[in-house]
Every structure is written in C-alpha cells, then in structure tokens.
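Each remark here refers to the structure printed beneath this line.
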Amino acid sequence: MDKSKRRTVIAGNWKMNKTPSEARTLACEIAKALEGLDTCDCVDVVVCVPFVDICTVAEALKGTRIKIGAQNVHFKKSGAYTGEISAPMLAECGVTHVVVGHSERRQYFGETDEVVNLRAKAALEEGITPIICVGELLAERDAGITEEVVSRQTKLALAGFSADEVKRTIIAYEPVWAIGTGRNATAEQAEEVCALIRNIIAGLHGKEIAEAVTIQYGGSMKAGNAAELLAQPDVDGGLIGGASLSAEEFVEIVKAAL
Ligand code: PEP
C-alpha cells in the first residue's frame, strides 16, 4: 500500500466547545507547539471549530499552515433556512474542510445518509473538502453487521459523485462506540474497516482513485495510541475530538503522523 498517493490529514473536531476568546487561545497554543515542525510535505493539520469561532481562529492562524474546518454545512447556497450556514459563507471565511455526517449529528439531529450526501456535494461545489463520517453502533458491531452498515453509509454518502469529487473527499471511519468513550478501536479493527472503505471506493471508481482518497480513523484517538493507529496501511490520519482540545495532546498526535 503506497501512502504517498494521498495526504495524511490530522483534524481536530472541537465540537461545541470554546468561545471565540477561548478558541483564539487554543489556536495560538497549537500554532506555537507546531512551530518549527515540518508538517507541510506530508501532513495536513486542520481544526474544525464552532461556526462563531471561525473568523477568530482564521485570524489567529494567519501565516501558519493550519487549516480551518467547520462542523456542518447546509446544502443550499442561500435562502429561507433560518439558523443554517451555507458553503459559500464558509468558503469566504477561509474554511477549507467541513465535517459532514458526524454520528452526533446523525443521532441528535436525525441526519440521514441522503442529507449527508447533499451536504458533502454542497461543500465540494465551493472547493471545500468534506470529511464524511461513517461508522457502526456497538450493537451493529456485536451483531456482525459492521461491513454492511459502513458499506451502505459510504455508498449513499458518495452517490452521484464524479471520480474527481471522490478524490477531493475525506472519509472518516468513526465507530460510534469509540467516540468520546475512551475506548478506541484496535489498530487491526481500524485497518480492517478503512481497507473495506477503500475497496468500496475502488469498486465505484477504480483502484487509482481509491488509492488517492484519504481515509481517517476517529474515536478516542490520543497521543498514546495515535502512532499505532496511524501506522496502518489504510489509515491516513485521524479525526480527533476530546484530545484536540489540548494543544499538547493534539500536537503529539500530529507528530505521530510525521
Ligand atoms: C469525534 O468527535 O469525531 C471523535 C472522534 O471524538 P473523540 O476523539 O473524543 O472520541
């Protein structure tokens, strides 16, 4: 497996944490801790922050290589959708990545695979990289249907995408039972499902496209387990929740990816 064909992406998902002033502090701490580390050639570092923190964090990170991500995007460009944020709005604020279909959004906000697909499409139209989250519940793993669940989510999320759009998309395999629980998937479990996702993409668009797609693992990744997870041939980075709220932990994960 040749990882040089795709980017490794370490993305922090701050979830609903940090006011703008707190976000500035954390962003500056991360930037300072990354100073002098040569991450540019092989690793992209992204912080996916709450909407209201985007401008503040973009300002704080000006001149660094750290990219700004959002945590959701509406699928229409504008209109009567009170409370929503569109892809053109995000793009103008300097957002380069957006998390789509996180399990918390599927669970608490009723997000379906069809909506995930629309959101990802809308992001791509503005040149924003969607980070599409897929992953099984614990009951689904226990029932032996992980492959079926992840295959369905991946295929529906990518429905109607051109090969070029798939290439510009990141898939994050996030077993729901590992998110925020402190119980990460083993390196073998993460590799097994990330490889499955790559096979699905190969089936849809061919091996060359599949090898160019970044597939992350997410779920209780931290400094202590990152190296082993990231060493897997099909794991091309991490989507990190809790540990991304500590500059020290987050930067240790970035170092594990270098
Ligand atoms: C996440 O929110 O995507 C996540 C993986 O969270 P945590 O790292 O806290 O499990």
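Throughout, numbering of the chain's residues begins at 1 and tracks the sequence. Atoms within each ligand, like the ligands themselves, are counted from 1 in listed order.
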Checklist line | Presence of salt bridge, E125 and K77, under 4.0 angstrom | finding: yes
Note to self: Would the distance check show the side chain of K207 and the main-chain N or O of N199 forming a donor-acceptor pair, the cut-off being under 3.5 Å?
What the structure shows: no
Check: Under a 4.5 Å cut-off applied to non-hydrogen side-chain atoms, are V47 and I30 in contact?
Finding: yes
Notebook entry, point to check: Which atoms of ligand 1 are found less than 4.0 Å from any heavy atom of A178?
Noted result: 10 (O)
Next item on the list: Run the salt-bridge test on E252 and K255 with the 4.0 Å N-O cut-off and return the result as yes or no.
Entry: yes
Next item on the list: State, with a plain yes or no, whether a side-chain heavy atom of F109 is found less than 4.5 Å away from one of N72.
Entry: no
Notebook entry, point to check: Is I179 touching ligand 1 with its side chain, its backbone, both, or neither, if touching means heavy atoms under 4.0 Å apart?
Noted result: both
Margin query: Need the ligand 1 atom indices (1-based, order shown) with element for anything under 4.0 Å from a heavy-atom of N13.
Written below: 1 (C), 2 (O), 3 (O)
Item checked: Ligand-side contact atoms (ligand 1) for residue partner G180, heavy atom cut-off under 4.0 Å -> 7 (P), 9 (O), 10 (O)
Checklist line | Polar contact flag for A243 and ligand 1 (N/O pairs, less than 3.5 Å) | finding: no
Notebook entry, point to check: With only distance considered, is T181 within less than 3.5 Å of ligand 1 through an N or O on each side?
Noted result: no
Note to self: Is there a polar contact between ligand 1 and G242, counting only N or O atoms under 3.5 Å apart?
What the structure shows: yes
Check: Would one find an N or O of K15, backbone or side chain, under 3.5 Å from an N or O of ligand 1?
Finding: yes
Note to self: Does only the side chain of H102 get under 4.0 Å from ligand 1, or the backbone, or both, or neither? Count heavy atoms.
What the structure shows: side chain
Notebook entry, point to check: Hey, are the side chains of I54 and L90 touching, using non-hydrogen atoms and a 4.5 Å cut-off?
Noted result: yes
Note to self: Between R106 and D113, does any side-chain N to carboxylate O distance fall below 4.0 Å?
What the structure shows: yes
Check: In this structure, which one of L245, V57, V52, T56 forms a side-chain contact (heavy atoms from CB on, under 4.5 Å) with K18?
Finding: L245
Margin query: Would G182 count as a contact residue for ligand 1, given that I'm defining contact as a non-hydrogen atom of the residue lying under 4.0 Å from a ligand atom?
Written below: no
Next item on the list: Check each atom of ligand 1 against the heavy atoms of L239 and keep those under 4.0 Å away; list them by number with element.
Entry: 3 (O), 5 (C)
Note to self: Could you tell me, atom by atom, which parts of ligand 1 come under 4.0 Å of a heavy atom of G219?
What the structure shows: 5 (C), 10 (O)
Check: For ligand 1, which part of A172 has a heavy atom less than 4.0 Å away: the side chain, the backbone, both, or neither?
Finding: neither
Notebook entry, point to check: In the protein, which heavy atom is nearest to atom 3 (O) of ligand 1, and how far is it?
Noted result: E174 OE2, 2.7 Å
Check: Under 3.5 Å, is there a donor-acceptor pair linking the side chains of E136 and W177?
Finding: yes
Notebook entry, point to check: Do any nitrogen or oxygen atoms of G241 come within less than 3.5 Å of a nitrogen or oxygen of ligand 1?
Noted result: yes
